[in-house]
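In what follows, a single structure is set out as structure tokens and then discussed.
Here is how names work: the chains are called A, B, and so on, in the same order as the sequence lines, proteins then strands, and each is numbered from 1.
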Amino acid sequence: MQNNSEDLLKKIIAHAKEYGYIFQSSEIYDGLSAVYDYGQNGVELKNNIRNYWWQSMVQYHENIVGLDAAILMHPTVWKASGHVDAFNDPLIDNKDSKKRYRADVLIEDYIQKIEKKIDKEITKAQKRFGDAFDEKQFRQTHPRVVENLKKISEINKRFNQSLESGDLADVKKLIETLNIVCPVSGTCNWTDVRQFNLMFSTQMGSLSSDAQTIYMRPETAQGIFVNYLNVQKTARMKLPFGIAQTGKAFRNEIVARQFIFRMKEFEQMEMQFFVKPGQEMEWYDYWKNERMRWHLSLGLPSEKYRWHNHEKLAHYANAATDIEFLFPFGFKELEGIHSRTDFDLNAHIKHSGKKLHYFDPETKESFVPYVVETSIGLDRMFMAILCHAYKEEQLKDGSTRTVLSIPAPLAPYKVAVLPLLKKDGLSEKGREVFNSLKKHFMCQYEEKDAIGRRYRRNDAVGTPYCVTIDHQTLEDETVTLRDRDTMAQERISIQELIAKLREVLSFSS
RNA sequence: GCGGAAAUAGCUCAUCUGGUAGAGCGACAGCCUUCCAAGCUGUAGGUAGCGGGUUCGAGCCCCGUUUUCCGCUCCA
């Protein structure tokens, strides 16, 4: 099973390259790790996914508008969002078990152990003293508890100090002093603590002397938050309303793996929905349903989707769930739906000193809205579709065919025009049909090779329909329309072709 | 980042224990052909990931490096 799924992923990666979907970045220079380029077909599929998302979010919801904020933002944005601090994880490896840990987590776990000891003392004392037990007093007076509490505060103080001053050597010392051991190997044989900043930084200002460090955004959401009042006022939006944005984001992933699933440069499709405080759960549920409906509208099977509710919440959320998709390597996160509270807006109020309150003209109240976020990885969606679409079929005649059953409206090319033979005027007729279709659909014309070979080639690229011009076409202006998935053909008049293709290529059909 | 595996033509792979690289498929040009990758002819494509070392001689042995895949953490 493991080997099969690995093989499958390898085949998909090879197929994606062979048919112009995904190339590795800078391949001729040995590639750049965890960065990929989209080829001629990849860019079409990606554009189509993005457009369908945009249409579903912005066009179909009158209370959602779009935005395209810049990748580069004022450095304080990332201070406010918590990315500068929260995503600066100090990491440490145990040399014996080869396991990697976050140094702060190791220390927190250690503190938790001490807290458990304190709790034990308290429950013991509670039993002994019964109703007369005063926990507050006990905490202040019991020698062992006092000592442990003091220890905790000392550890916290030293750890925070070392982190803030960037003294990672001291973090290691602290771990060694406390004799924190690896839960796997049980040893205290640690590497140095290293800091991995998840944000890419660059210099702004052409003179290096007065250049300042700025970051490439690690998420698109902050561009929405800092603009939310601009949009609200100029679009005259009333709560609840949403702002949608697609765009690149950058993360210096420690471990980037699994093809385009986790990349250093990736594209997000996010919508931040601003609501009245207290209504966030209602809208959280609403968007959970809406987003799942969107996924299922693509025709991907519901068995390949599942929910994953977060138990441990990020610093900005009060509820969070993921839509996971069954990739060849298991169920993995595809989209997140988070109730982000007023954390981000409040943080920007605090750091910018600007009032970002929403004034409700009806109730005459002024308040900071709560935010419900839907955030999907475009590249992951691309990969989900690609993985689902890739099929190796065993045909009745014993032959095999490789087909990409991409949802027809998303396919890079919608239709291929194929003259049955390259003579008898079929080419000319084919060109004529092709020219009439290409204004309406992404369309390809092919006359080389046997017709069967061309069908298979289009199956492999994922083109959902082939129009074949044969001798009958010259007599009665009809062509055959071949379906990629069923390989069935129907004869149809050239006149009806555009209307017919429109019908089968739309999501509403 | 740590550990394991891999890297030869566009793709899939050969090259037996070191003796200056081959096949199939694909691509391209042409011929043949009335519907599902399998007819015929010809052409182009590789300084074996890259850089060192050992050797008379390295695709093969050694070291380094890059990339990919797998396990450990996080996330869209």
Side-chain angles (χ1 to χ4, degrees), chain A residues 2-3 5-7 9-11 13-15 17-20 24-35 86-87 89 91-102 105 182 184 191-192 194 196 198 218-221 248-263 266-270 310 314 322-323 329 332-338 373-381 383 395-403 418-424 426 448-460 466 468-473 480 482 484 487-489:
Chain A
Q2 183 68 17
N3 279 334
S5 67
E6 276 176 33
D7 286 351
L9 184 61
K10 278 183 183 161
K11 279 183 184 169
I13 293 169
H15 192 88
K17 184 186 171 187
E18 189 174 354
Y19 290 93
Q24 196 184 2
S25 164
S26 319
E27 196 187 349
I28 63 166
Y29 291 104
D30 281 336
L32 185 64
S33 175
V35 184
F87 287 87
D89 298 336
L91 298 182
I92 189 165
D93 296 331
N94 184 272
K95 287 180 187 168
D96 299 313
S97 65
K98 310 287 181 202
K99 299 281 176 195
R100 160 163 299 176
Y101 301 92
R102 277 172 52 180
V105 171
C182 166
V184 176
T191 62
D192 288 341
R194 282 157 303 183
F196 291 90
L198 256 68
E219 65 173 22
T220 53
K248 288 282 179 77
F250 304 83
R251 287 187 198 172
N252 222 337
E253 297 288 349
I254 310 157
V255 180
R257 203 65 72 65
Q258 276 140 349
F259 197 37
I260 57 170
F261 185 78
R262 183 174 291 110
M263 296 193 289
F266 60 101
E267 186 158 347
Q268 294 184 302
M269 303 192 289
E270 292 197 316
H310 289 210
D322 296 334
I323 295 175
F329 42 86
K332 294 282 174 182
E333 181 183 357
L334 182 59
E335 171 158 9
I337 294 137
H338 298 162
E373 161 189 274
T374 73
S375 174
I376 174 170
L378 174 50
D379 313 275
R380 287 188 179 180
M381 193 64 218
M383 188 164 169
L395 301 182
K396 279 182 211 145
D397 64 3
S399 67
T400 60
R401 84 166 178 149
T402 305
V403 54
L418 316 170
L420 189 61
L421 298 173
K422 203 165 53 172
K423 61 174 191 182
D424 303 337
L426 295 181
K448 184 163 163 51
D449 293 323
I451 188 70
R453 189 184 296 251
R454 280 178 280 164
Y455 285 147
R456 295 301 179 86
R457 195 152 57 213
N458 279 287
D459 291 340
C466 290
T468 308
I469 282 80
D470 56 16
H471 289 91
Q472 193 182 331
T473 308
T480 60
R482 173 185 179 273
R484 173 196 64 199
M487 296 195 286
Q489 286 177 294

| said: Taking Watson-Crick (N1-N3 plus N6-O4 or O6-N4) and G-U wobble (N1-O2, O6-N3), each under 3.5 Å, can you produce the dot-bracket string of RNA chain B? Use [ ] for crossing pairs and | for inter-strand ones. | reply: (((((((..((((.....[..)))).(((((.......))))).....(((((..]....))))))))))))....
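Partners of Asp449(A) by salt bridge (charged side-chain N to carboxylate O under 4.0 Å, His left out), not counting sequence neighbours, listed by chain and number: Arg457(A). Partners of Arg454(A) under the salt bridge (charged side-chain N to carboxylate O under 4.0 Å, His left out) rule, at least two apart in sequence or in another chain, do not exist in this structure. Partners of Arg456(A) under the side chain to side chain donor-acceptor pair (under 3.5 Å) rule, at least two apart in sequence or in another chain, do not exist in this structure. For Asp322(A), the side chain to side chain donor-acceptor pair (under 3.5 Å) criterion is met by His310(A), not counting sequence neighbours. For the ring-ring contact (aromatic ring centres under 6.0 Å, His included) test, residues two or more places apart in sequence or in another chain that qualify with Tyr19(A) are His15(A). Applying the side chain to side chain donor-acceptor pair (under 3.5 Å) rule to Lys248(A) yields the partners Glu265(A); only residues at least two apart in sequence or on another chain are considered. By the side-chain contact (heavy atoms from CB on, under 4.5 Å) test, Gln489(A) is found to be paired with Tyr455(A), Thr468(A), Thr480(A), Arg482(A), residues two or more places apart in sequence or in another chain being considered. In this view, Gln268(A) and Thr220(A) satisfy the side chain to side chain donor-acceptor pair (under 3.5 Å) rule, not counting sequence neighbours.
Considering only side-chain N and O atoms, Gln489(A) lies nowhere under 4.0 angstrom from the phosphate OP1 or OP2 of C35(B). Within the structure, every side-chain polar atom (N or O) of Arg456(A) is placed at least 4.0 Å from both OP1 and OP2 of C25(B). Contact annotation: Arg453(A) reaches the phosphate of G26(B) (side-chain N/O to OP1 or OP2, under 4.0 Å).
Below the 3.5 angstrom threshold, one finds a donor paired with an acceptor across the side chain of Arg380(A) and the base of C75(B). For Arg482(A) against C36(B), a side-chain-to-base donor-acceptor contact under 3.5 Å is present. With hydrogens and angles left out, the side chain of Arg251(A) and the base of A76(B) share a donor-acceptor pair within 3.5 Å.
Rounding to whole angstrom units, CD1 of residue Ile469(A) and P of C35(B) are separated by 16 Å.
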| Leu418(A) and Ile451(A): CA distance, side-chain angles, deciding distance, side chain to side chain contact (heavy atoms under 4.5 Å, CB included) verdict | CA-CA 8 Å; Leu418(A) 316 170; Ile451(A) 188 70; 3.9 Å; yes
Measure all distances between protein nitrogen or oxygen atoms and nitrogen or oxygen atoms of nucleotides 30-34 of chain B, and list the pairs falling under 3.5 Å.
| unit_1 | atom_1 | unit_2 | atom_2 | d |
| --- | --- | --- | --- | --- |
| U34(B) | N3 | His471(A) | ND1 | 3.2 |

Taking only nitrogen or oxygen atoms into account, show me every contact under 3.5 Å that the protein makes with nucleotides 7-14 of chain B, one pair per line with its distance.
| unit_1 | atom_1 | unit_2 | atom_2 | d |
| --- | --- | --- | --- | --- |
| C11(B) | OP1 | Lys17(A) | NZ | 3.1 |

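Classification of G45(B) as syn follows from a glycosidic angle within 90° of 0.
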| query | Which letter, B, S or -, goes with each nucleotide of nucleotides 41-49 of chain B from 5' to 3', with contact meaning a protein heavy atom under 4.0 Å? | reply | --------B
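When heavy atoms are screened at a 4.0 angstrom cut-off, Gln24(A) is found touching the sugar-phosphate backbone but no base atom. As judged by a 4.0 angstrom heavy-atom cut-off over every strand, Ser375(A) is placed among residues touching the sugar-phosphate backbone only.
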